[in-house]
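By convention here, the first residue in the shown sequence is residue 1.
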Amino acid sequence: MTGPPGAAAPGPSAAPPATGPAHRAVPPRRALLAGAAGNFVEWYEFGVYGCFATVIAERFFTPAAAGPDPAAPLLAAYASFAVAFFFRPAGALLFGRLADRAGRRPALVLVIALMTLATTLIGLLPDRATAGAAAPWLLVLLRAVQGLCAGGEFGGAVALMTEHAPPGRRGRYGAWQSFTVALGLLAGAAAAALTASLLSPAALSGWGWRIPFLLALPLGLTALGLRTALPGPRTRTPSPEPASAPEPAAAPGIGTVRAVVLGVGRIMGWSAAGYTFLVVLPSYLQSTLGASFREALIATTLANLGFAASILPAGRLSDRVGRRPVMLAGALAVALCALPFLHLLRDPDAAAPAKAAALLAAGATVGLLAGPGPAMLAEMFPSSVRCTGLGLAYALANAVFSGCAGLIVTALTAATGDPDVPAYYAGGLCALSALALAGLRGDDHRGPLR
């Protein structure tokens, strides 16, 4: 049992896990760098996949295979995108329990190694013209491996960063997880844009799309080196007293399950708005508004710049005023402004600077949720189940509300012909999240981690 979700209990803010193997102290900045590096690689790949969704649809999911509907290949590409998210909860349980029982380092090393391998293999994967019907299935298999790894990545990385944060700085340290997400998405968009600008459309579609995926190999090896250098669990001195034997990490109980469900409610708006504005946007602009590939990439880059710029300030602000007011402001801003935002993008008479400012502002509102979000989740769980609990809450929210965002938005837009579907989706879920966030305790950010 974990006790009431969000409650704080005595203990040092940066204390290592109280159960499981003993851990050597890790310098805060070293823990921050090792935790954030893997997130960057993970979200770089997801950003690349989002930018190249239309190309992947053409190479792996042809109209002949997917049906007569011209939107079917893109829907199939987004379905493979969603597959990775539905494997995240399994990864959060698998690697979360490993991190809670054996220490943070073994789990974090394993997930980044597997993630790097899977991403590199996507860049080498034969397409449908070469491998036939096996090509989309191989792509789905690699996406499933990535989903397992991503599910274990968040819980271990956030636990590592927040547990070793200096007192009063959990918000800003946890915000680095989200900040490296933004950097990864920006790097993915930049790699896609650079590749598109250097190659002809035929070369880009034929082989050039593979280059950004292959760049994940050196990036992943760098992150792997940072994580393997972390100190591992300290070897305990044998004791003749049987009673002093360490207790195994507690299994998740009803209190943990309740906290996971509440955590999903608090971050589902973050998940939906983040993927709608930051990942799905390129394909939406191309398929719905008739934008070119380069125009869509520029728009996505601006939204991600606004996202990145607001994350760290939001995390720092939450250390001063609390997680609740900052995250509520972000959720309500998306709920109220999502529809006017899309109307402005579609307005042919709107000035380009106004559209650019709207894209920056849309990303910034998501940053208000993403900055304090990791620390808020870490404060909901005790150390013995922290990786499992917060990782599972994040994985479930992302599986349902992020992984399906492209699929839902594309399908509903095609079925209804209503270009406002993305605004209804992101705004509606943020409104529901605001209700869950209103129940946050105002002083959780001041108490120590349990």
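- Salt-bridge formation is detected for the pair R227/E153: a Lys NZ or Arg NE/NH1/NH2 atom is positioned less than 4.0 Å from an Asp or Glu carboxylate oxygen.
- Expressed to the nearest 0.5 Å, how far CG of L377 lies from CZ of R323 amounts to 11.0 Å.
- When side chains are defined from C-beta on, W209 does not count as touching V48, because their heavy atoms never get closer than 4.5 Å.
- Here the straight-line distance linking atom CZ of R210 with atom CG of L124 works out to 7.5 Å at 0.5 Å rounding.
- Between T365 and A333 the shortest heavy-atom distance is CG2-CB, 3.7 Å.
- Rounding to the nearest 0.5 Å places CE of M161 at 10.5 Å from CG of L33.
- Residues L437 and L369 meet the side-chain proximity criterion, which asks for heavy atoms closer than 4.5 Å.
- Remark: L186 CG to L305 CG distance equals 5.0 Å, nearest 0.5 Å.
- Considering R97, R101, R104, E163 in turn, R104 is the only one that fulfils the side chain to side chain contact (heavy atoms under 4.5 Å, CB included) rule with C387.
- Classified by interplanar angle (parallel below 30°, tilted 30° to 60°, perpendicular above 60°), the ring pair F40/Y44 is parallel.
- Taking CG of L396 as the start and CZ of R88 as the end, the distance is 11.0 Å to the nearest 0.5 Å.
- Ring orientation note: the planes of F52 and F213 are tilted relative to one another, at an angle of 30° to 60°.
- Taking CD1 from I112 and SG from C149, the interatomic distance works out to 8.5 Å, rounded to the nearest 0.5 Å.
- Of all non-hydrogen atoms in A223 and V41, the two that sit nearest each other are CB-CG2, 4.2 Å.
- In this structure the side chain of F154 never reaches within 4.5 angstrom of the side chain of N398, judged on heavy atoms.
- Within the 4.5 Å cutoff, side-chain heavy atoms of L214 are placed close to those of T120.
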